[in-house]
Amino acid sequence: MGTRRSFIKKTTAGSAAVALGGVLMPSKGYARVLGANDQVNCAIIGVRSRAKAHVIAINNDANAKILYNCDVDDVIIKEHNEWCQKNIGYVPKVEKDFRKVLEDKDVDAVFIATPEHWHAPMAIMALQAGKHVYVEKPCSHNPYENDLLVAAQKKYGKKVQMGNQQRSAKTSILAMEDIKKGIIGEVYRGEAFYSNNRGSIGKGTAMEVPKTLDWDLWQGPAPKEDYRDNIHPYNWHWFRTWGTGEIHNNGTHEIDICRWALGVNLPKTVTSFGGKYTYDDDWQFVDNQQVTYQFEGNKFITWNGHSRGVMKPKRDGRGVTIYGSKGSIELSRNAYKLYDLGGNPLKFEFEASQSATTNTQGIGALDVDHVGNFFEAIRKDRSLNSDIKDASISTMLCHLGNMAQDAGHMLQIDAATGKVTNNDKVMQHWKREYAKGWEPKL
């Protein structure tokens, strides 16, 4: 079976690493030293949580530097600056208004880790300013933005990588190579799941905006609403004005891996079952959901999102299983496990360094690899592991999952465009309403 042998081999390969928050990270001393012309100057926009992973990944590259920490909240900026001083030994310049960052011609690339309603508009503005873009998933708040961002990248010609970092996992890449060679026969199904036990977000109370927060800029392109005490800094995920629900927040990762393994793009049909079953609070999306996507060639993907209440029987917090006519493969951010049709293990491969999987920072070696691929693409015009044209398709699947849930019946999809052909009502939400002056345009 090779389980122990593969584990020892991979662990030994990752021995030149340092620990950060319980996760092994490659030492910067092993980063490739490049010429001065290869330096990539970066700005990180939105620095509360995922930005920590971005900082570590950027800092791992000897010829990359963070010029700016940008956030609309002074409290978050202060905490992040202290974290930077402790973990990378310097504090980048601080800016609250990202537009000033985009005006700086010394900035080569921006990393966007803001609330989701900002992802596409900010990425498009960065492209227009001549910057390369690393944008966290999902790359859009709605399908219209999805298409617009792809068009913007084509028009302005800069690199755009989405932060579905498992695309850079060596074990996942190996699994895809094996699948193409027929190791599990004809693949036909991808099963994606995510399990968490999120608590109630309560019912928000309108209150005065904290003096440390630029609430107007935080809202940006979204229609204006009063500040409430259960939105910022994290629970915006569960409000339709700013967030896109769990299927985007976490499902984008696993649905993307299933799509990669099955070699499919947009589906023929989408069906969603689920609801909000737990707390009486302001959460506006389903908290438990199962979505089924049917593709040409009799292939299908299922997404099982379990946001509240621990999934039983006990499973890992997230993962993917790919089924074929000769066996199956389990994939996570840290491992590739191959089984025959009887469920007997044949081969296990592990990542050299482990990555966090269910916390909000997600720090790990995959970020180093994914950002490293982004930098290589910038410097040498190499292919991206998750270029926006392909990544947007996985994002679109998540949009379609939400639309199918809202419709309450199976949606027929134009597989060339992703548009729904049998429900005009849900198509009314293809594009959102924007605050005056903030609608993204090419």
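We count residues from 1, following the sequence as given.
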4.5 Å side-chain heavy-atom contact, [X] and [Y]:
| X | Y | value |
| --- | --- | --- |
| His429 | Asn142 | no |
| Tyr144 | Glu439 | yes |
| Lys93 | Asp104 | yes |
| Val420 | Ile413 | yes |
| Ile184 | Ile322 | yes |
| Leu266 | Leu397 | yes |
| Arg48 | Asp73 | no |
| Phe348 | Tyr339 | yes |

Could you label the plane-to-plane angle of the [X] and [Y] rings as parallel, tilted or perpendicular, counting under 30° as parallel and over 60° as perpendicular?
| X | Y | answer |
| --- | --- | --- |
| Phe300 | Tyr188 | tilted |
| Phe111 | His54 | tilted |
| His237 | Tyr234 | tilted |
| His399 | His248 | tilted |

Under 3.5 Å, side chain of [X] to main-chain N/O of [Y], donor-acceptor pair present?
| X | Y | result |
| --- | --- | --- |
| Asp71 | Ile76 | no |
| Asn423 | Leu411 | no |
| Asn81 | Val91 | no |
| Asp38 | Ala64 | no |
| Glu330 | Thr321 | no |
| Asn87 | Trp83 | yes |
| Lys137 | Asn249 | yes |

Looking at every non-hydrogen atom in both residues, tell me the closest pair between [X] and [Y] and how far apart they are.
| X | Y | answer |
| --- | --- | --- |
| Ala120 | Cys139 | CB-O, 3.4 Å |
| Lys159 | Asp381 | NZ-OD1, 2.7 Å |
| Cys70 | Val47 | O-CG1, 3.7 Å |
| Ile124 | Pro440 | CD1-CB, 4.0 Å |
| Glu351 | Ser172 | OE2-N, 4.4 Å |
| Gly185 | Ser325 | CA-OG, 3.4 Å |

Report, as yes or no, whether the 6.0 Å neighbourhood of atom [atom1] on [X] holds more than 12 heavy atoms from other residues, nucleotides or ligands.
| X | atom1 | value |
| --- | --- | --- |
| Glu296 | CD | no |
| Lys224 | NZ | yes |
| Glu225 | CD | yes |
| Lys326 | NZ | no |
| Lys389 | NZ | no |

Side chains of [X] and [Y] only: does a donor on one sit below 3.5 Å from an acceptor on the other?
| X | Y | result |
| --- | --- | --- |
| Arg333 | His253 | yes |
| Glu254 | Tyr194 | no |
| Gln405 | Ser272 | yes |
| Arg198 | Ser307 | no |
| Asn288 | His306 | yes |

For the [atom1] atom of [X] and the [atom2] atom of [Y], what is their distance to the nearest 0.5 Å?
| X | Y | atom1 | atom2 | answer |
| --- | --- | --- | --- | --- |
| Lys158 | Gln153 | NZ | CD | 11.0 Å |
| Thr171 | Asp178 | OG1 | CG | 11.0 Å |
| Leu262 | Tyr293 | CG | OH | 13.5 Å |

So, are Asp390 and Arg167 salt-bridged, with charged N and O less than 4.0 Å apart?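 A salt bridge links Asp390 with Arg167.
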
Run the numbers on Leu331 and Gln166 for side chain to side chain contact (heavy atoms under 4.5 Å, CB included), then give the verdict. CA-CA 10 Å; Leu331 280 175; Gln166 195 173 331; 4.1 Å; yes

Please lay out, stage by stage, how Leu384 and Met162 fare under the test side chain to side chain contact (heavy atoms under 4.5 Å, CB included). CA-CA 9 Å; Leu384 289 165; Met162 192 170 82; over 6 Å; no

Determine, stepwise, if the pair Leu213 / Val72 fulfils side chain to side chain contact (heavy atoms under 4.5 Å, CB included). CA-CA 6 Å; Leu213 174 66; Val72 295; 3.8 Å; yes

